[in-house]
Amino acid sequence: MRVWAGPLRAAGAFRERFDFGGRDVASWFPRHMAKGLRQMQAALRRADCLVEVHDARIPVSGRNPALKEALGIRPHVLVLNKMDLADPRRQPAVLERLKEQGCPQVVFTDCQRDVGVKKIVPLVAQLVAEGPRYHRAESSDFNILVIGVPNVGKSSLINSLRRLHLKKGKATVVGAEPGITKAVLTRIQVCEKPLMYLVDTPGVLPPKLGDVETGMKLALCGAIHDHMVGEDMMADYLLYTLNKQQQFGYVQRYGLGEPCDHIEPVLKHVALAQGRTQKVTVLTGTGNVNVTMLNYTAAAYEFLRDFRAGRLGRVTLD
Ligand SMILES: Nc1nc2c(ncn2[C@@H]2O[C@H](COP(=O)(O)OP(=O)(O)OP(=O)(O)O)[C@@H](O)[C@H]2O)c(=O)[nH]1
């Protein structure tokens, strides 16, 4: 990733706080998710282990507190997926913080390239063997419930496990939009020895998202639909974060002279660099004039897309 090679701005040159303008996150939680959450809690009773998939770019923010009680009674593995998009230098600090929070079993994965995924089956088998099997003491197969907020890669993880352990292709649909997994609770075999089944669940957001910043981070990672939050505000928050973390890949990418703390000039460069312009006919006193307008909404979307594809660098938002 190319970075800004020029002099860094003096401390204080960038915003130290982001103004969320009194936004209310309550409206970002879609109603249908309450049902998914209930189904998931019911399925949890039949599971031997819980594999929670979350986005490695937000290792702490946005995990579902409603599952906390349930987690206490089942072995739990936290899979931080999309590690290819997160800052690798932050991994040790992330592991330390999660351990402090009582979450010691963490695996980093990239399910598109099957990186790290091989560690999961042996770890799950070991954790289940170490603990009591409650109601399922007589059965030798493993039932794993896969949970997580939308779009973190739950289906991709299942597909990756099947590729690695069964040499089989896709079993679950993978999509770039949150909320793709609609068919609920199908048991899918992912391994022969040990015999292991995973149950994919629809992505469920915490009913109380907490603060607006958590909601914004979830949205940047694609767990909340962009239009519910607003692409313009998301783009501005992204710029604020990139600057705060001195991730200046955007400067070269969009041909800016130097890092910038204002979203408008940045989006102007995005629009010009990516051809996000539209021709508009303007009526004037002397006749019609065709002018080229910059499409700021399309530019904001492009900026978000570049971030999500890792083209602005590997960024951990927490
Ligand atoms: N860069 C990257 N992208 C990934 C990875 N895993 C999954 N994706 C992409 O993330 C998007 C969502 O993946 P899914 O597997 O559908 O996610 P899900 O959690 O099942 O989604 P829901 O059905 O919405 O809950 C897709 O575009 C995947 O290609 C990864 O490790 N790295």
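Whatever order the structure lists them in is the order used to number ligands and atoms, beginning at 1.
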Atom indices of ligand 1 within 4.0 angstrom of Asp84 heavy atoms, with elements: 1 (N), 2 (C), 30 (C), 31 (O), 32 (N)
Side chain, backbone, both or neither: Leu85 near ligand 1, heavy atoms under 4.0 Å: side chain
Distance-only donor-acceptor check, side chains Ser156 and Asn159, under 3.5 Å: no
From the candidates Lys82, His54, Met83, Arg308, the one that places a heavy atom nearest atom 8 (N) of ligand 1: Lys82
Note: Glu100-Arg97 ion pair, threshold 4.0 Å (strictly below): no
Close-contact set for ligand 1 against Cys111 heavy atoms, below 4.0 Å: 6 (N), 30 (C), 31 (O)
Flag side-chain contact, heavy atom, 4.5 Å: Phe303 against Leu242: yes
Interfacing atoms of ligand 1 (cut-off 4.0 Å, heavy-atom, Ser156): 6 (N), 7 (C), 13 (O), 14 (P), 15 (O), 28 (C)
Check: Phe20 ring centroid to Tyr237 ring centroid under 6.0 Å: yes
N/O separation below 3.5 Å, Asp110 to ligand 1: yes
For the student: nearest non-hydrogen atoms of Leu239 and Arg15, plus distance: CD2-NH2, 4.2 Å
Part of Val53 with heavy atoms under 4.0 Å of ligand 1, whether side chain, backbone, both or neither: neither
Passing candidate, side-chain contact (heavy atoms from CB on, under 4.5 Å) with Gln105, options Val79, Leu98, Leu123: Leu123
Closest to atom 19 (O) of ligand 1 among Lys154, Arg113, Arg57, Gln112 (heavy-atom distance): Lys154
Geometric N/O contact Pro150 with ligand 1, under 3.5 angstrom: no
Tyr250/Asn243 under side chain to side chain donor-acceptor pair (under 3.5 Å): CA gap, chis, key distance, verdict: CA-CA 10 Å; Tyr250 72 89; Asn243 285 334; 2.6 Å; yes
